[in-house]
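Worksheet for the structure shown next.
Computation of the quantities below employed the complete heavy-atom set of this structure, encompassing side-chain atoms and omitting hydrogens, waters and symmetry-equivalent molecules.
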Amino acid sequence: MNPFNQTNPKTLGRSVSIIGVGCTPFMETLNNPETNGLTEGELFGYAALKAMEDAGVSPKDVQFYYHGCASPLNGSNYLTPNMQVAEWFGMRGKASLHHSEACCTGYLAVDIAAQAIASGKYDIVLTGGIDFGDALAIQGKPAYIREPFSFEKFQISTAWLTDNAYTRHLLANVGHDNTADWYKTKAGLTDDQIDKALCQLAINARHNALNNPLAIEHKLYEDVAKEAGYDDVMEYMQSNMNPKVGAIQRISGLEHKCDGATCVLLCATDLAEKYTKNKPIEILGVGNSALEASNPLLEVYATEEATRQVYQETGLTGDDIDLLYVNDFIITSQLLASEITGYIPENEAWKYVMDGRTNFDGDKPINPNGGRTAFGHAHAASGLADFYDAVKQIRGEAGDHQVKKEVKKVFLRGYGGAQNICNVIIGVDD
């Protein structure tokens, strides 16, 4: 266990459940004339109204809403973006709050909304996330006019992740190689074994996303390889066609930046029947931890601490979890999080990946929606998109990417800002 300061949070004061979910397709808005010009209000409003429709409630029923954006300076040029979207989903005059925790925004969005209900102040709350990860706001221009969010410009914002007064910014500290090398050493893997495992993770992600209508990627790497003249997909993945971005990690293991929004509607569990016919999906526990980005293994240590908390709160273990979601903007996260949470035995995750057992149709599914490399990464919206998919999986409504076993308990491992970890377990009664 890591040596950092720990806490022991109490369980929520009253039970809180998810009763509705809504999500836009994850997309590159600038590349399609039908979506070019969409604004933050239109995307967030679409997701919010879909969540209300899913639950069967109207805007007048919602008492408060949270608005999350990973980087509002990049995404909107608004100081108070929560106020700029209210008209799009019937929230004129309703109180709201904006928050930003980089790529962990969507997980903490659920945590803070649950706390607001558990406190007794509100009974029903909307929480959502929106980001234009591929379309940059232009200072001084109307919100519907955007420019491509290049990787070079994205790297400028990654420098904001560290204390630049005393820390030298190293993009690798976000996880390009540090965690991959940590896992390789821990599991006793060769260079070729860790390379193949990370490539297979990316291959599997495309399989999971293939039949997900909201995902941005709908092309298998097997087909990409054939078009490039390779009969063997792994040969393609380990070639210069899929270049390394460090000593270990390849480009296929990095997020697909895109645009999107997701909203989730939460309610006091004992009042759910008043608002919806949906079976409430309870927030069973939340664990949180954070480390400043200069720590090279912050993701490992913080995941351990947040996992300890959520299992202590719930009395559950990895053996009780039916499905795992991992914020994998660096795809190595699936290996470390699945083992730290006890979902897969120690040092065995890479084998499960190579055998296809973590695919949506395997016995230990991880990210059946496709994850950040294939579903897409719209930063603040992505964590909530995991909740969206988890709810659909529990209900048996995930369609062609529905997992092949009954899902009652889901573990969602959030990570972002190169600092925050938020682990949430949701579920229904056995």
Side-chain angles (χ1 to χ4, degrees), residues 26 103 133-134 151 154-155 158 170-187 189-210 215-217 219-222 224-225 228 230 233-258 296-300 303 324-340 344 349-354 356 358-360 366-379 382 386 413-416 418:
F26 274 32
C103 297
D134 190 59
F151 187 71
F154 177 67
Q155 282 187 298
T158 64
L170 292 172
L171 190 59
N173 275 359
V174 183
H176 278 189
D177 275 334
N178 288 337
T179 53
D181 186 64
W182 171 85
Y183 186 84
K184 169 194 161 187
T185 302
K186 180 179 75 74
L189 304 185
T190 65
D191 290 344
D192 187 58
Q193 285 175 320
I194 188 64
D195 189 27
K196 279 188 167 69
L198 297 182
C199 288
Q200 191 65 52
L201 278 169
I203 293 169
N204 295 351
R206 293 284 184 101
H207 277 273
N208 288 351
L210 180 65
I216 195 167
E217 292 285 2
K219 192 170 188 178
L220 298 177
Y221 269 120
E222 288 86 345
V224 175
Y230 289 82
V233 64
M234 188 58 72
E235 183 182 356
Y236 167 84
M237 297 297 286
Q238 291 189 286
S239 75
N240 289 334
M241 301 294 291
N242 181 30
K244 289 189 175 182
V245 294
I248 300 175
Q249 185 66 65
R250 294 182 183 270
I251 195 72
S252 60
L254 304 186
E255 66 185 62
H256 186 149
K257 294 197 298 95
C258 61
L297 289 179
L298 68 97
E299 183 184 1
V300 174
T303 299
L324 176 67
Y325 288 83
V326 177
N327 187 357
D328 60 344
F329 53 84
I330 307 296
I331 210 164
T332 319
S333 292
Q334 289 192 38
L335 298 178
L336 72 92
S338 61
E339 294 185 7
I340 291 173
I344 294 177
W350 71 280
K351 296 179 183 177
Y352 281 51
V353 168
M354 297 304 296
T358 61
N359 287 355
F360 80 92
I366 301 174
N367 291 358
N369 59 355
R372 304 304 182 263
T373 64
F375 185 83
H377 194 21
H379 304 142
S382 294
D386 285 349
R413 197 299 303 254
Y415 169 46

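Closest approach of Ile340 to Val300, counting heavy atoms only: CD1-O, 3.8 Å. Across all non-hydrogen atoms, the minimal contact from Ile248 to Asp177 is N-OD1, 3.0 Å. Scanning both residues, Tyr236 and Asn242, for their nearest heavy atoms gives O-CB, 4.1 Å. Of all the heavy atoms in Ala374 and Ala209, the pair that sits closest is CB-CB, 3.6 Å. Residue Ala349 comes nearest to Ser338 through the heavy atom pair CB-OG, 3.4 Å, listed as atom of the first residue, atom of the second, then distance. Closest heavy-atom contact between Phe329 and Cys103: CE2-CB, 4.1 Å.
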- Could you walk me through whether Ile203 and Met234 pass the side chain to side chain contact (heavy atoms under 4.5 Å, CB included) check? CA-CA 9 Å; Ile203 293 169; Met234 188 58 72; 4.2 Å; yes
- Query: Going through the checks in order, is the side chain to side chain contact (heavy atoms under 4.5 Å, CB included) test met by Glu222 and Arg206?
  - Reply: CA-CA 10 Å; Glu222 288 86 345; Arg206 293 284 184 101; over 6 Å; no
- Test Gln200 against Asn204 for side chain to side chain donor-acceptor pair (under 3.5 Å), laying out the working first. CA-CA 6 Å; Gln200 191 65 52; Asn204 295 351; 3.0 Å; yes
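Taken from CD in Glu339 to OH in Tyr183, the straight-line distance is 3.5 Å, to the nearest 0.5 Å. Within the model, atoms NZ of Lys186 and CG of Leu336 stand 8.5 Å from one another, a figure rounded to the nearest 0.5 Å. Annotation: the span from Thr373 atom OG1 to Ile330 atom CD1 amounts to 10.5 Å, rounded to 0.5 Å. Taken from CG in Asn178 to OG1 in Thr332, the straight-line distance is 10.0 Å, to the nearest 0.5 Å. Between the CG atom in Asn327 and the NE2 atom in His377 there is a gap of 5.0 Å [rounded to 0.5 Å]. In this structure, Phe360 CZ and Leu210 CG are separated by 8.5 Å, a value rounded to the nearest 0.5 Å.
For the pair Leu335 and Leu198, the minimum side-chain heavy-atom distance is below 4.5 Å. Counting heavy atoms from C-beta outward, Asn369 and Tyr325 have side chains that approach closer than 4.5 Å. Glu255 is not listed as a side-chain neighbour of Ser382, based on a closest heavy-atom distance of 4.5 Å or more. Looking at heavy atoms from C-beta onward, Ile344 lies in side-chain contact with Thr358 at the 4.5 angstrom threshold. Within the 4.5 Å cutoff, no side-chain heavy atoms of His256 are placed close to those of Phe26. Inter-residue side-chain proximity for Asp328 and Leu201 is flagged as unmet; no heavy-atom pair is nearer than 4.5 Å.
Sorted by first and then second residue, the salt bridge (charged side-chain N to carboxylate O under 4.0 Å, His left out) pairs involving residues 367-376 (not counting sequence neighbours) are Arg372-Asp386. Each salt bridge (charged side-chain N to carboxylate O under 4.0 Å, His left out) pair with one or both residues in residues 191-200, not counting sequence neighbours, appears once here: Lys184-Asp191, Asp192-Lys196, Asp195-Arg250.
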